[in-house]
Every structure is written in C-alpha cells, then in structure tokens.
Trainee: 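The following block contains the structure, expressed as structure tokens.
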Amino acid sequence: MLSKAERRFQADLLEWGEENRREYPWRESDRTLYEVFIAEFFLTQTPADNVAAVYPKFLERFPTLDEISKASEDELIEAIEPLGFQNMRAGALKQISSARDHLPTEPESLMELPRVGQYVANATLCFTGDDRLPVLDRNVERVYSRVFRDTWPETEADQLTFTQRLVPDEARAYNLALLDFGALVCQTEPLCERCFANEYCVYFQESA
DNA sequence: AACACGGGGTA
DNA sequence: TACCCAGTGTT
C-alpha cells in the first residue's frame with residue numbers, strides 16, 4: 001500500500017509531467033526497442049542535448065543491430081565520437097550485435113549484455129513497452145531521498161524495491177516525468193519555490 | 001558494499 | 001591540472 005504522501009506525489013508528478021515533460025527524438029511514439037535502447041545506452045553519463053545531436057544520424061546509418069554487426073569498429077567509433085566513451089560503447093555494441101540478432105525483452109536478459117545494467121535495461125523496456133519497471137538513476141535517487149527522506153532506504157536493493165512500489169500503471173509517463181523533474185526542478189540545487197511537493201516533501205518541510 | 005573504470009565537464 | 005560526476009563492472 002502507498003501512503004497518502006506517496007499517492008499524492010504520484011498524482012502530482014504525472015500532472016507535472018503532462019505540462020513539463022521534455023521532447024526528444026527517442027521519446028516519439030512508435031520508437032522500436034532497438035531505437036529506445038540506443039538512446040538509453042547513449043544517455044548514461046551523457047547530456048541529453050549531446051545525444052540529440054547525433055541520434056538521428058546514428059539511426060540513419062545504423063537502423064538495426066545487423067547494420068552494426070556489419071560495420072567496422074572504426075566507423076562505429078566515429079559515429080559515437082561526439083558523445084564520449086566511444087571505445088567502450090563501440091566495443092560493447094559490436095559485442096551485442098554479434099551475439100544477438102534481436103534485443104531481448106526481459107530486463108534480466110538485457111542486463112546480460114555488456115555495458116547494460118539495471119538502469120538501461122529498465123528504462124529501455126519501460127519507455128518502449130510501458131513495462132511497470134523501476135527506473136533508478138541519480139536524479140531519481142535525489143528526488144526520493146528528499147521527498148521521502150524519512151522512508152527512503154539505504155541499500156541499493158531496498159531503493160529498487162521502494163522505487164518499484166511507486167511506479168503506477170502509467171509507467172512510461174511516470175518515469176519520464178520523474179527523470180525530468182529531477183533534472184529540471186529537484187536538481188542538486190533544488191528549485192523548491194517552483195515545486196509542487198512543498199506540502200509533503202520531507203526535505204522542504206525540514207529546511208523551512 | 002566498496003572500489004575502479006573511462007572520459008567529459010568544470011574550476 | 002585537478003577534481004567531480006554517473007552508470008557499469010569487479011571483487
């Protein structure tokens with residue numbers, strides 16, 4: 001069961017997301033599993049605007065996993081170059097493309113792929129198929145550790161359970177809003193004056 | 001659970 | 001140049 005504050009946060013966040021969610025190429029509807037995966041794979045440790053600058057070109061040149069498997073690693077590195085981590089990412093993508101002709105649709109199977117961890121696996125499946133999976137990155141951790149400071153757990157495993165509980169049926173809309181809220185409002189230096197959660201956010205209550 | 005990694009961003 | 005950062009991998 002969710003607490004009153006948790007339920008309220010869910011509703012408030014979904015509402016916030018409807019008006020404030022950011023638009024990116026990889027968030028368009030009808031994106032395939034592969035297309036969303038490539039975006040999430042690139043988005044780790046990389047600003048979204050940088051990814052947006054190379055994403056369409058990359059998909060044009062590498063529309064499928066098969067195209068990656070047939071390309072030279074040098075060409076792949078060149079396409080990823082502006083994002084950074086090009087050697088790591090190109091190597092991992094080559095490995096993935098030579099091992100599989102299609103991406104798996106179970107989080108556990110995705111996580112067996114090189115450089116694909118919990119975040120990329122869950123984000124990919126949630127944003128593609130609306131799967132009710134927890135998406136937990138530093139933004140989300142920062143948001144929950146403030147709003148629910150008194151109940152937010154210590155260990156990563158418990159944090160994942162906590163995050164899972166709060167994902168509503170509208171999983172995609174919720175998790176996208178959560179990421180954007182962490183990036184735009186509940187930043188490292190939080191913009192509490194324009195936050196919807198002031199009445200129940202433990203961080204705000206305690207700092208007021 | 002703690003640390004290392006690779007490399008971009010920032011001071 | 002030094003330090004920080006954020007997922008993933010490793011122990």
Trainee: Quick one: closest heavy-atom pair of Val167(A) and Arg132(A), and the distance?
Mentor: O-NE, 2.6 Å
Trainee: Need two values: the first and the last nucleotide of DNA chain C, 5' to 3', having an atom under 4.0 Å from any heavy-atom of chain A.
Mentor: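 With heavy atoms of chain A under 4.0 Å away, the range is dA6(C) to dG9(C).
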Trainee: Shortest non-hydrogen contact from Thr124(A) to Val36(A)?
Mentor: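 Closest heavy-atom pair between Thr124(A) and Val36(A): O-CG1, 3.8 Å.
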Trainee: Taking all atoms of both residues into account, what is the closest heavy-atom pair of Ile96(A) and Phe37(A), and its distance?
Mentor: CD1-CZ, 4.0 Å
Trainee: Determine whether more than 12 heavy atoms belonging to other residues, nucleotides or ligands lie under 6.0 Å from atom CD of Gln187(A).
Mentor: yes
Trainee: Answer yes or no: is there an ion pair linking Arg138(A) with Glu141(A), defined by an N-O contact shorter than 4.0 Å?
Mentor: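 Judged by the 4.0 Å cut-off on N to carboxylate O distance, Arg138(A) and Glu141(A) do form a salt bridge.
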Trainee: Let's see if you get this right: which residues in residues 147-162 of chain A place a heavy atom under 4.0 Å from DNA chain C?
Mentor: none
Trainee: Which residues pass the side chain to side chain donor-acceptor pair (under 3.5 Å) test with Arg89(A), sequence neighbours left out?
Mentor: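 Expected list: Thr46(A).
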Trainee: Name all residues meeting the side chain to side chain contact (heavy atoms under 4.5 Å, CB included) criterion together with Glu73(A); count only those two or more places apart in sequence or in a different chain, and write none if there are none.
Mentor: Ile77(A), Ala90(A), Lys94(A)
Trainee: Return each pair, listed once, that meets ring-ring contact (aromatic ring centres under 6.0 Å, His included) where at least one residue sits in residues 165-188 of chain A; pairs must be two or more places apart or across chains.
Mentor: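 Non-adjacent pairs meeting ring-ring contact (aromatic ring centres under 6.0 Å, His included): Trp16(A)-Phe181(A), Phe181(A)-Phe196(A).
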Trainee: Under a 4.0 Å heavy-atom cut-off, which of residues 130-143 of chain A touch DNA chain C?
Mentor: Asp137(A), Arg138(A)
Trainee: Could you work out, with ring-ring contact (aromatic ring centres under 6.0 Å, His included) as the rule, every residue matching Tyr55(A), not counting sequence neighbours?
Mentor: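 For Tyr55(A), the residues satisfying ring-ring contact (aromatic ring centres under 6.0 Å, His included) (neighbours in sequence not counted) are Trp26(A).
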Trainee: Take a 6.0 Å sphere around CD of Glu193(A) and say whether it holds more than 12 heavy atoms from other residues, nucleotides or ligands.
Mentor: yes
Trainee: Contacts to DNA chain B from residues 81-115 of chain A, heavy-atom cutoff under 4.0 Å, which residues?
Mentor: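 Going residue by residue through residues 81-115 of chain A, the ones with a heavy atom under 4.0 Å of DNA chain B turn out to be Gly84(A), Phe85(A), Gln86(A), Asn87(A), Met88(A).
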Trainee: Not counting sequence neighbours, which residues clear ring-ring contact (aromatic ring centres under 6.0 Å, His included) with Phe62(A)? List them please.
Mentor: Phe58(A)
Trainee: Filter on ring-ring contact (aromatic ring centres under 6.0 Å, His included), then keep only pairs touching residues 99-138 of chain A, sequence neighbours left out; what's left?
Mentor: none
Trainee: Donor-acceptor pairs are to be reported for all side-chain atoms of residues 81-88 of chain A against protein atoms at under 3.5 Å, with residues two or more places apart or in another chain.
Mentor:
from: Gln86(A); atom 1: NE2; to: Glu81(A); atom 2: O; distance (Å): 3.0

Trainee: State whether a side-chain donor-acceptor pair under 3.5 Å links Thr155(A) with Asp158(A).
Mentor: yes
Trainee: For the CD atom on Glu75(A), are there more than 12 heavy atoms of other groups (residues, nucleotides or ligands in this structure) within a distance under 6.0 Å?
Mentor: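 It does: Glu75(A) CD has more than 12 such atoms within range.
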Trainee: What is the first contacted nucleotide of DNA chain B and what is the last, in 5' to 3' order, if contact means an atom lying under 4.0 angstrom from a heavy atom of chain A?
Mentor: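 Terminal contacting nucleotides, 5' to 3': dA1(B) to dG9(B).
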